[in-house]
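Order of the sequence lines sets the chain letters (A, B, ...), proteins ahead of strands, with each chain counted from 1.
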Amino acid sequence: MVLEATMICIDNSEWMRNGDYNPSRFQAQADAVNLICGAKTQSNPENTVGVLTIAGKGVRVLVTPTSDLGKILACMHGLEIGGEMNLAAGIQVAQLALKHRQNKKQQQRIIVFAGSPIKHDKKALEMIGRKLKKNSVALDIVDFGEDDDGKAEKLEALLASVNNNDTSHIVHVPPGPNALSDVLISTPIFTGDSEGGSGFAAAAAAAAAGGVSGFEFGVDPNLDPELALALRVSMEEERARQEAAAKKAAEEAAKHEKGEEQPSSSQDATMTESASVTASEADNKRNDITDEENALLQQALAMSMDDPASSHELRDTDMSDTAADDPDLTLALQLSVQDSAKDSGSQTDMSKLLADQSFVSSILASLPGVDPNDPSVKDLLASMQSQSEPQEKKDEDEPKEEK
Amino acid sequence: MNKVDLVDFVDWSGVECLNQNSSHSLPNALKQGYREDDGLNLESDADEQLLINIPFTQVVKLYSVVVKGPEEEGPKTVKLFSNKEHMGFSNVNEFPPSDTAILSPDNLKEKPVVLKYVKFQNVRSLTIFIEDNQSGSDITKVQKIALFGTTVETTDMKGLKKIEDH
């Protein structure tokens, strides 16, 4: 929520006609500018944003720093493409515009879109950078388009001379299928320095990243609650159907084997919430296991079902891990190794992997824009683990997720 | 009237310094305790100039100023502006300073610089522009800045008490 005045420098040179960014460089740039303006004004209502163009006949200020988003978006219409970019002049004019801002308490920031070759040399850019630093102006650079004549190094040198305590950033966006705005959303340019993103940025990031990040089924419940609910319900129904099929298969399997108990029902019992320990029976022992150990046990069960011989080592490590925690659990695991009449119908390789919570969280952590500690991610993990939960528990999860 | 150290009347929420090195910042030179430590300095960053703005919590009269610094990198030309806020390096030379001081090595050893008292009768904020340093090096270092003067009789709102009803 930093109070900031921002000047955005738009490159409207001839190079912007190029279509290597979808639909054209200029359009991609305009979208990115719109998003940035929205994010800035939303993160703090007193923030102001101004826009100027740095190519064409000369540097032209389209709108001076204002908090009126409509004015900013309106000035983006009818912009003409042409000429060459003049980076130095653009930055200097931006600095001047910021100097004359109405609210002197605002921090000064310039965001530059550099999509065409730079004709200045490194020294000149460094001088400009030092002047910005001296007047405590932060600079964000978006480097896109072709990289020739050492454009990237020049911009990096500029950034180095401006940067004061990581308040300035640079992003290199190579041409490709990803939209310019999507790439920018996850950068500190959008999220502000260490805020972790305003709500706007976070929601946009989640929507852009799709699928597994933060929201189930890639649909934001805030944006489209009915769709999200429909997807969730159909997923639960599918799970229930699969579970019923698995139960049936297990029952038939149990009839053929010398198994002591109904393996499917015992598995259901293990999946549900913890209960107290009773002495000798393996499934009762499993009832007192928490979600964490549940995952381990599920993995052990899966291993024992598929191939008791080859999965010994894995289970041994699992067991040694848990040995210190819970001797009862160790006993249960050992029993499960011996007990061969287990239901294996619905267990696929995928669900085995997904049951390993640590594996899933490590994957999720490596995805950009996903925070494993996010409550909706945790809910997703929990619901994925306990696939055969009864309907009531799922209903409990739903109102939680819809918050 | 007795001259007092005006550090107690500095409005810390509005104190600003342009071109300071963020790890060697203004409180090192201005605040009680930090300024006594010669190891803690205010240093300039991109070049040798510094622009410091100090607002006060009430109106003061400024009598003298002490600027302590190392022999080589200590400040030389110091311009003082009374009641001119929000200046930048580009327009600081457009206004005539209320006073200019060229610091001698003695001044850098805590000998006070006496100012043109008449120019500083009604000071709400003081801007100090350090233009260059003794040796011309790229970094200016300041160990201590102390301001001496008196307060003008202004009403202390906290001192106002309700008259008891009998």
Side-chain angles (χ1 to χ4, degrees), chain A residues 1-5 7 46 48 50 59 61 64-65 88-110 122-139 156-169 193-194, chain B residues 11-28 41-56 73 75 77-79 81 83-95 124-133 136-142:
Chain A
M1 292 286 258
V2 183
L3 184 55
E4 226 174 30
M7 279 303 288
E46 287 192 57
T48 56
V59 176
V61 176
T64 56
I91 294 182
Q92 282 166 343
V93 173
Q95 195 182 348
L96 199 62
L98 284 173
K99 201 170 106 167
H100 294 288
R101 63 196 187 286
Q102 280 179 331
N103 184 354
K104 301 287 180 191
K105 291 223 179 285
Q106 288 166 326
Q107 304 272 9
Q108 303 171 71
R109 180 175 291 275
I110 300 177
K122 231 201 234 181
K123 284 262 174 276
L125 291 176
E126 280 175 3
M127 290 253 300
I128 295 175
R130 246 176 282 134
K131 232 182 112 194
L132 287 176
K133 179 149 92 154
K134 196 171 163 192
N135 288 291
S136 82
V137 178
L139 180 66
E156 290 281 356
L158 174 59
L159 182 87
S161 62
V162 177
N163 205 352
N164 185 5
N165 261 358
D166 274 341
T167 50
S168 304
H169 316 96
D193 291 322
S194 51
Chain B
D11 176 10
W12 293 102
S13 66
V15 163
E16 279 171 0
C17 179
L18 286 184
N19 200 28
Q20 62 178 339
N21 185 329
S22 40
S23 44
H24 298 271
S25 57
L26 184 59
N28 287 353
N41 299 344
L42 162 66
E43 284 183 20
S44 67
D45 197 359
D47 64 10
E48 73 282 2
Q49 297 185 336
L50 283 162
L51 193 55
I52 303 165
N53 186 33
I54 305 173
F56 296 103
E73 295 108 340
T77 311
V78 176
K79 292 187 176 158
F81 299 81
N83 298 337
K84 280 234 166 50
E85 304 232 318
H86 302 298
M87 285 209 289
F89 288 100
S90 45
N91 60 352
V92 70
N93 282 318
E94 288 166 19
F95 307 109
R124 264 243 147 242
S125 82
L126 178 68
T127 302
I128 303 174
F129 173 45
I130 298 176
E131 199 165 1
D132 52 27
N133 55 44
S137 76
D138 276 340
I139 297 185
T140 303
K141 295 188 185 169
V142 184

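B/Ser125 and B/Asn83 are not linked by any side-chain donor-acceptor pair at a separation below 3.5 angstrom, with hydrogens and angles left out of the test.
Of the possible donor and acceptor atoms, one in the side chain of A/Gln106 sits under 3.5 Å from a partner among the backbone N and O of A/Glu46. The backbone N or O of B/Phe95 lies less than 3.5 Å from no partner atom in the side chain of B/Lys84, so there is not a single donor-acceptor pair.
A salt bridge links A/Lys134 to B/Asp47: one of the charged nitrogens lies within less than 4.0 Å of a carboxylate oxygen.
Of the two parts of A/Lys131, neither the backbone nor the side chain holds a non-hydrogen atom closer than 4.5 Å to a non-hydrogen atom of chain B.
Residues of residues 13-24 of chain B lying under 4.5 angstrom from chain A, judged on non-hydrogen atoms, are B/Leu18, B/Asn19, B/Ser22 by number.
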- [ ] I would like to know whether B/Thr140 and B/Glu43 meet side chain to side chain contact (heavy atoms under 4.5 Å, CB included); could you show each step before the answer?
- [x] CA-CA 6 Å; B/Thr140 303; B/Glu43 284 183 20; over 6 Å; no
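By the 4.5 Å heavy-atom criterion applied to side chains, B/Leu126 and B/Phe56 are counted as neighbours.
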